[in-house]
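Single-structure report; data block below.
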Amino acid sequence: MATNTVPPRRSTVRTIPIWVGLVAASLPMFMATLDNLVMTSALAVIQADLGASVGQLQWFLNAYTLSFATLMLAAATLGDRWGRRNVFLGGIAVFTLASIASALASTPALLIAARAVQGAGAAAIMPLSLTLLAGVVPAAKRALAIGIWGGVSGLGVALGPVVGGAVVDGISWEAIFWINVPVALIAVPLALVALKESRGRRQPLDMLGIVLAGAGVFLLVWAVVHGNDDGWASTTVLLSFVASAVLVAGFVLRESRTAFPVVPLRLFRSRSFSIANVIGVTFTLGMFGAVFLLSQYLQIVMGYTPFQAGLRTLPWTAAPMVVAPLAGILAPRLGLRALLVSGLVLQAGSLVWMAAILGPDTVYISMVPALVMAGVGMGLTFAPSATAVLVDMAEVDHATASSTNSTIREIGVALGIAVLTAVFLGAGGSLTPTGYTNALAPALLVGAGAVAVGIVAAAFMPGRLGRDQVRVVPGTPSSTGRLPESDASSPVAVQLP
């Protein structure tokens with residue numbers, strides 16, 4: 001007897017092209033990295049418009065950086081519990097609303113507050129974008145996709161001063177924040193369509209640890225920023241330093257005793273990890289503090305427009321995009337120590353060079369060799385330091401170790417802006433055409449000294465990698481995120497400032 005057979009139904013599950021997932025994860029991350037340095041070319045214009053002090057100019061950047069640094073690990077933990085895509089989308093929403101508030105700010109205090117909230121949104125975007133990307137890319141293509149992701153983040157850092165300068169010249173300083181709104185309107189529906197929801201290990205959030213660390217670092221930066229104005233021996237500044245030390249000590253004590261620490265102190269038993277973090281905080285302190293002052297020098301002393309000044313930083317900010325991948329290739333052959341020492345020596349040398357030549361009558365072309373040295377040196381540092389962070393780590397600790405290092409480097413950026421500007425002001429400097437004459441050199445030399453501490457630390461880095469040690473996809477300056485638990489067998493880290 002004949003039987004009727006029903007043909008199998010064709011699957012109606014749609015396959016999202018890999019490039020769509022890459023764009024969905026990378027576009028918000030590009031937006032967040034762009035805003036790291038997008039204000040550097042606009043600070044002179046904002047100062048004139050809002051009547052901001054030099055200290056307030058620092059906080060326009062530091063409010064973003066500190067908020068981002070102290071909340072990144074917390075955001076990754078919340079993503080594991082509440083859903084990574086949910087927290088990622090929440091971060092985009094917070095970032096966008098804070099961008100609108102920044103554009104509408106009519107006083108320096110309002111702009112600083114809005115930038116702090118922006119940093120909180122970026123803290124959710126940055127680590128989770130990498131995790132969500134890994135979840136939609138096949139394992140065979142994951143290294144390539146994450147390499148592209150790292151390149152996009154580096155592009156955001158490199159183009160920050162250029163884009164900011166172009167927008168300020170062509171429209172207004174407020175527009176550097178308004179451009180985030182249409183990007184978000186594209187990014188949110190794209191993420192809903194292309195990125196899959198996922199969760200990780202549910203563990204309690206160490207809120208006390210986050211508060212202790214955040215408050216300790218904030219008070220340290222606050223004391224440095226206000227030292228020249230209030231007096232280094234003033235009660236408020238001294239109490240801030242003391243309170244910062246107490247809070248940081250409390251954070252260390254808390255992390256050593258809690259079952260679910262934000263930063264597991266056992267990670268620092270690794271010599272490579274510990275040295276990588278010393279290098280991370282010292283070279284970002286020296287180099288990014290210098291970027292803050294030099295961006296203003298190009299406009300105030302050399303007379304360039306914000307866009308022209310941004311373009312002239314590219315020999316420095318764009319060079320790591322080319323050099324970092326090459327350093328990643330060379331690391332197994334030359335060893336971490338050789339690359340790190342070489343890169344840090346170039347960076348320290350570039351700051352000494354600029355300290356020697358920069359003055360009221362300096363021409364830009366004389367700066368180019370030093371800018372190239374700085375960019376090449378940073379490129380030689382990024383990939384090997386990313387490798388050093390993970391080289392001795394168990395696979396289960398890769399995400400936490402990378403995120404910890406990213407947090408420490410962001411703190412270095414904030415401290416660098418505060419410390420080098422304090423030296424600049426203490427030497428009688430001011431943001432005027434004649435105010436840089438004798439004050440810029442001491443600040444740059446202090447930056448070089450900070451990088452020199454990194455050189456000493458790098459000399460103690462273990463040399464060559466074994467064949468069985470971790471392979472790291474070279475990235476460029478910013479942060480890293482947690483990979484899904486199922487991806488633990490394919491450890492990848494991308495270091496970004």
Side-chain angles (χ1 to χ4, degrees), residues 40 43-44 47 52-62 65 220-234 237-238 240-241 281-303 309 312-313 316 344-364 366-371 373-375 377-378 411-456:
T40 54
L43 289 175
Q47 182 186 31
S53 67
V54 176
Q56 288 169 329
L57 292 182
Q58 297 177 68
W59 281 111
F60 293 157
L61 301 179
N62 285 342
T65 302
L220 175 60
V221 174
W222 190 94
V224 174
V225 169
H226 287 264
N228 284 309
D229 290 338
D230 298 349
W232 291 100
S234 67
V237 170
L238 289 177
S240 296
F241 277 124
V281 74
T282 53
F283 100 84
T284 54
L285 191 157
M287 302 306 287
F288 285 90
V291 167
F292 174 81
L293 292 173
L294 292 172
S295 295
Q296 313 318 307
Y297 175 87
L298 289 169
Q299 295 179 61
I300 295 170
V301 179
M302 291 192 166
R312 282 162 177 78
T313 64
W316 184 341
L344 293 166
V345 166
L346 285 174
Q347 291 175 74
S350 72
L351 295 182
V352 173
W353 187 331
M354 285 188 278
I357 66 170
L358 295 185
D361 302 319
T362 304
V363 294
Y364 171 73
S366 65
M367 294 177 62
V368 172
L371 293 173
M373 280 177 61
M378 290 176 79
I411 292 171
V413 173
L415 284 173
I417 293 172
V419 170
L420 266 64
T421 303
V423 174
F424 173 78
L425 295 174
S430 62
L431 299 183
T432 63
T434 58
Y436 278 78
T437 303
N438 298 315
L440 183 58
L444 295 180
L445 290 175
V446 169
V451 179
V453 174
I455 296 173
V456 174

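Counting from 1, the numbers follow the sequence of the chain as shown. FYI, side chains are in, hydrogens and waters are out, and symmetry mates aren't considered; it's all heavy atoms of this structure.
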Practice task
Taking the side chain as every heavy atom from C-beta outward, state whether M367 and W316 have any pair of such atoms under 4.5 Å apart.
Solution key: no
Fill in the blank from the handout: Rounded to the nearest 0.5 angstrom, the CG-CD distance for L293 and Q58 is 8.5 Å
Handout entry: Side chain S295, main chain F292, donor-acceptor under 3.5 Å
Key = no
Practice task
Find out whether L445 and L351 are in side-chain contact, i.e. whether some heavy atom of one side chain is under 4.5 Å from a heavy atom of the other.
Solution key: no
Problem - Test item: L285 and L420 side chains (from C-beta on) under 4.5 Å apart, heavy atoms - result: yes
Handout entry: Atom of N62, atom of V221 and distance for their closest heavy-atom approach
Key = ND2-CG1, 3.8 Å
Problem - Beyond-backbone contact of L415 with T284, side-chain heavy atoms, under 4.5 angstrom - result: no
Problem - Side-chain heavy atoms of V301 within contact of P433, under 4.5 Å - result: no
Handout entry: Any donor-acceptor N/O pair, T362 side chain to I357 backbone, under 3.5 Å
Key = yes
Handout entry: Interatomic spacing from CH2 in W59 to OG1 in T65 - rounded to 0.5 Å
Key = 10.0 Å
Handout entry: Nearest-0.5 Å distance, CG of residue L61 to CD1 of residue I417
Key = 4.5 Å
Handout entry: side-chain hydrogen bond (donor to acceptor under 3.5 Å, both in side chains) contacts in which one or both residues fall within residues 440-451, not counting sequence neighbours
Key = none
Handout entry: CG-CG distance between L294 and L358, expressed to the nearest 0.5 angstrom
Key = 6.5 Å
Handout entry: Sub-4.5 Å side-chain heavy-atom contact between I411 and L220
Key = no
Handout entry: Sub-4.5 Å side-chain heavy-atom contact between L371 and T313
Key = no
Handout entry: Heavy-atom closest contact (A427 atom, P442 atom, distance)
Key = CB-CG, 4.2 Å
Completion exercise
Residues L346 and M373: closest non-hydrogen pair is O-CE, 3.5 Å
Fill in the blank from the handout: Here the ring-ring contact (aromatic ring centres under 6.0 Å, His included) pairs for residues 419-453, sequence neighbours left out, are Y297-Y436, F424-Y436
Exercise for the section: Rounded to the nearest 0.5 Å, what's the gap from CD on Q347 to CD1 on I455? Could you check? Expected result: 8.5 Å
Completion exercise
Rounded to the nearest 0.5 Å, the OH atom of Y364 sits from the CE atom of M302 at a distance of 9.0 Å
